[in-house]
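We count ligands from 1, going down the list as the structure has it; atoms in each ligand are counted the same way.
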Amino acid sequence: MSRSPHVRVEIDLQQIAANVRAVATTTTVPVIAVVKADAYGLGAEQVAKAIAGDVSAFYVFELREAVEAKLKDLGRDTICVLGDSSDPEDYICHGVRPVVWTRERAIALRAARPVLSVDTGQQRFGCAIEDVGELVRLGGCDEAFTHATRLEQVSLFGTVTEGNGLRRHAAGTSLLSEPTARFDAVRPGLALYRNAVRVTTRLVDARKTLGPAGYTRFTSDRHGVILCGYSNGLRPGVCLINGQRRTIIEVGMQSAFVELRAGDKVGDEVTLLDRADLSPEVLARCWNYSAQEVLVRLCGSGERTWQPLP
Ligand SMILES: *Cc1c(COP(=O)(O)O)cnc(C)c1O
């Protein structure tokens, strides 16, 4: 889908770099930066370039993401979950270490320094606990991880990978504050993108509401219209107009109705996502989504610029 010229996404790369350094400092271990899904909508190529000096590796979902974001040029390894090829050269030539969890792929991709994924409960993209030793041997693996959100998973992972000299990691954003989840590196996505993005649009209409309006026949004193709708990831909820909290009353495909107060006028800036009161975490609670989903949705469809936020 093409990006909407009516929605502006401002991304602060310096803030992201500061977040990476803060995570490294507080956890005291190297950071593997998760830049999958175009860095959660913030731009994998731009983000990766800005933080390359502060991370030990990148992590993406599919091989093509590493290629598209030109991660190889940055001189770090990229760990990648999915790839169609069983030829190690197809990974090595892109600076990618494939994730493996089956015997076949561990054997086939041995030359590409595969990273073992251990299933501690997710039941996808991971090997059974009892196969860890064999797969490490077959793939010649020196690194292993699990995708964990609970400490029981971390502890299970710790036990089954103990003592084979593996570099280990388990913690994404949700376990960053847990010392026992740290092992030899942490692997956050969301935590790197905090306070680093603002999404705005403008009022294209501002009027007195005459009786029930919209699809839902809402009533209000005054209402305005913005050119951002559910095709841009927007949901009914809160926004800021001229820095003040307003309600997004009803959302259509490419536009939405917002509640207005006296003084709000055509051309005024409407903030849809920001730091503090309008953070991904706040919207996530309001929309009953995860903060990751809020970011991907709202940042994925607007016109992006990369510059420090005011
Ligand atoms: C997406 C992902 C992460 C990062 O998750 P956050 O919650 O955004 O930090 C870490 N590890 C794996 C395996 C993932 O797929």
>> So if I apply the side chain to side chain contact (heavy atoms under 4.5 Å, CB included) rule between Thr271 and each of Asn242, Asp277, Ile241, Thr200, which one comes out positive?
In response: Thr200
> Ignoring hydrogens and geometry, is there a side-chain-to-backbone donor-acceptor pair from Ser279 to Arg275 under 3.5 Å?
Replying inline: no
> What part of Val34, side chain from CB on, backbone N/CA/C/O, both or neither, has a heavy atom under 4.0 Å from ligand 1?
Replying inline: side chain
> Of all heavy-atom pairs between Leu135 and Trp101, which one has the smallest distance, and what is that distance?
Replying inline: CD1-O, 3.7 Å
>> Counting non-hydrogen protein atoms only, what is the nearest one to atom 7 (O) of ligand 1? Give residue, atom name and distance.
In response: Gln292 NE2, 2.9 Å
>> Are any of the N/O atoms on Ser174, whether in the backbone or the side chain, positioned under 3.5 angstrom from an N/O atom of ligand 1?
In response: no
>> Determine whether Gln15 and Asn19 satisfy the following criterion, side chain to side chain donor-acceptor pair (under 3.5 Å), listing intermediate values before the conclusion.
In response: CA-CA 6 Å; Gln15 180 65 53; Asn19 291 345; 2.9 Å; yes
> So, does Phe61 sit close enough to ligand 1 that a heavy atom of it is under 4.0 Å from the ligand?
Replying inline: no
> Which atoms of ligand 1 have any heavy atom of Leu190 under 4.0 Å away?
Replying inline: 6 (P), 8 (O), 9 (O)
>> Below 30° counts as parallel, above 60° as perpendicular, anything between as tilted: where do the rings of Phe61 and Phe125 land?
In response: perpendicular
> Taking NZ, NE, NH1 and NH2 as the nitrogens, is one of them in Asp131 or Arg137 under 4.0 Å from a carboxylate oxygen of the other?
Replying inline: no
> Side chain, backbone, both or neither: which part of Arg187 comes within less than 4.0 Å of ligand 1 when only heavy atoms are counted?
Replying inline: both
> What do the steps show when you test Asp268 against Lys265 for salt bridge (Lys or Arg N to Asp or Glu O under 4.0 Å), and what is the final call?
Replying inline: CA-CA 6 Å; Asp268 283 356; Lys265 56 188 188 308; 3.1 Å; yes
>> Quick test: of every protein heavy atom, which one is nearest to atom 14 (C) of ligand 1, and how far off is it to 0.1 Å?
In response: Lys36 NZ, 3.0 Å
> Mind checking whether Pro188 has a heavy atom under 4.0 Å from ligand 1?
Replying inline: yes
>> Gly189 versus ligand 1: do any nitrogen or oxygen atoms come within less than 3.5 Å of each other?
In response: yes
> Do Glu10 and Thr305 have side-chain atoms, one donor and one acceptor, less than 3.5 Å apart?
Replying inline: no
> How far is atom 9 (O) of ligand 1 from its nearest protein heavy atom, and which residue and atom is that?
Replying inline: Thr173 OG1, 2.6 Å
> Nearest to atom 13 (C) of ligand 1 by heavy atom, Tyr193, Tyr40, Tyr59: which?
Replying inline: Tyr59
